Protein chains: 2
Amino acid sequence: MDAKFKAINDPTRREILQFLVNGPQNAGKIAEQFEMSKPSISHHLDLLKQAKLIQAEKKGQFIEYKLDKSGFEVIHTWFQSFSKYFEFPKPKIRIEI
Amino acid sequence: MDAKFKAINDPTRREILQFLVNGPQNAGKIAEQFEMSKPSISHHLDLLKQAKLIQAEKKGQFIEYKLDKSGFEVIHTWFQSFSKYFEFPKPKIRIEI
DNA sequence: AAATAATTTAGACATTCGCTTAATTATCTA
DNA sequence: TAGATAATTAAGCGAATGTCTAAATTATTT
């Protein structure tokens, strides 16, 4: 739990998550997006992985990262615990006839 | 944005938010819940207020705190941006006939 | 007007965080 | 197998964070 909130506390890590919405990418491609040293990005990826917000898969020389649903669900559940108090805007539904 | 994620990063502050789900409370009552000095709690309340996750209202000698919807909605919106990728469990709907 | 109560502000200290450069591990290719 | 490429691990440093005690502020009561 702590690890997840810690992970999303940093703006760079949030940007990494947003970037991965477009699909899986390897560490190098991710690092290219930022004006920051590769070791720093590597460290951020590690924290996101520990938080189970991303998953790593080694593909030969490369390591591919992608979003990990399990971590997001935990945050989502925490967030839902406040819905007693608030009603958040619901997703629009469409009924086809 | 940063202030909100920072605010929910701390476990004490998350507990304060959970505590306030049961309704508004003054600073003293909130502090009673924790084995921590009042000034520390006061500081946590300040960060939550800056993040617009809680609102403070002075009532005579007391200061009453309650959850602030506006801050939660911002976080909710951020979270929704990942729904392209994931489907989170949807609230159940019932269609009456 | 003085005493009491609720809360915040100020100052100090140890810990954690995010960043960098340098060194290391693993894989691919000529 | 040597050299290049991808990525991580290690070591170190300044800044930010969370906590405390003590002092200050604001409001109520007597």
Side-chain angles (χ1 to χ4, degrees), chain A residues 1-20 22-68 71 75 78, chain B residues 1-20 22-68 71 75 78:
Chain A
M1 197 80 211
D2 282 20
K4 298 182 206 320
F5 286 105
K6 174 181 166 181
I8 60 171
N9 186 30
D10 183 80
T12 302
R13 290 194 287 270
R14 289 198 299 274
E15 279 191 64
I16 291 173
L17 293 176
Q18 298 278 8
F19 181 59
L20 291 177
N22 304 316
Q25 280 294 354
N26 63 54
K29 292 285 182 188
I30 295 169
E32 279 176 18
Q33 304 296 312
F34 301 89
E35 292 183 353
M36 189 181 291
S37 69
K38 281 190 175 186
S40 290
I41 298 296
S42 183
H43 177 61
H44 286 310
L45 290 170
D46 184 47
L47 290 178
L48 287 168
K49 193 172 68 178
Q50 284 177 221
K52 297 199 197 307
L53 292 169
I54 62 174
Q55 291 175 329
E57 186 184 349
K58 189 153 197 175
K59 292 198 167 176
Q61 197 173 7
F62 301 85
I63 298 181
E64 191 177 84
Y65 287 94
K66 64 177 177 186
L67 297 181
D68 181 344
I75 298 177
W78 175 82
Chain B
M1 196 81 211
D2 282 21
K4 298 183 205 320
F5 286 105
K6 173 181 167 180
I8 60 172
N9 187 29
D10 183 81
T12 301
R13 289 194 289 269
R14 288 198 300 274
E15 280 190 64
I16 291 173
L17 293 176
Q18 299 278 7
F19 180 59
L20 291 177
N22 304 316
Q25 281 293 354
N26 63 53
K29 291 286 183 189
I30 295 169
E32 278 178 18
Q33 303 296 313
F34 301 89
E35 293 184 352
M36 189 179 291
S37 71
K38 284 187 174 187
S40 292
I41 297 295
S42 182
H43 176 60
H44 286 311
L45 290 170
D46 184 47
L47 291 179
L48 287 168
K49 193 171 67 177
Q50 283 177 223
K52 296 199 198 306
L53 291 170
I54 62 175
Q55 291 175 327
E57 186 183 351
K58 192 154 198 174
K59 290 198 169 176
Q61 199 173 6
F62 300 85
I63 298 182
E64 190 177 86
Y65 287 94
K66 64 177 177 185
L67 297 181
D68 182 343
I75 297 177
W78 175 82

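Computed from heavy atoms alone, side chains included, the values below leave out hydrogens, waters and symmetry copies. From a predicted model like this one, the values you see are computed outputs, not experimental measurements.
Q33(A) CD to E15(A) CD: the interatomic distance, rounded to the nearest 0.5 Å, is 9.0 Å. Between the CZ atom in F19(A) and the NZ atom in K29(A) there is a gap of 8.5 Å [rounded to 0.5 Å]. Atom CG in L45(B) sits 5.0 Å away from atom CD1 in I30(B) (nearest 0.5 Å).
Contact annotation: the side chain of K66(A) never approaches that of I54(A) to less than 4.5 Å [non-hydrogen atoms, C-beta and beyond]. Residues D10(B) and F5(A) are not in side-chain contact: their nearest non-hydrogen atoms beyond the backbone lie 4.5 Å or more apart.
Looking at K4(B) and D68(B), no side-chain N of the basic residue comes within less than 4.0 Å of a carboxylate O on the acidic one, giving no salt bridge. With respect to the salt-bridge test (charged N to carboxylate O, under 4.0 angstrom), the residues D46(A) and R13(A) do not qualify.
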Could you run down nucleotides 14-30 of chain C 5' to 3' and tag each one B, S or - for protein heavy-atom contact under 4.0 Å? ---SSBBBB---SBS--
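Contact between the side-chain N/O atoms of N26(B) and the OP1/OP2 oxygens of dA6(C) is not found at any separation under 4.0 Å.
Backbone-only engagement by Y65(A) is indicated by non-hydrogen atom pairs under 4.0 Å involving sugar-phosphate atoms exclusively.
Without hydrogens or angle criteria, N9(B) side chain to K6(A) main chain gives a donor-acceptor distance under 3.5 Å.
When DNA chain D is scanned in the 5' to 3' direction for atoms under 4.0 Å from non-hydrogen atoms of chain B, the outermost contacting nucleotides are dT17(D) to dT28(D).
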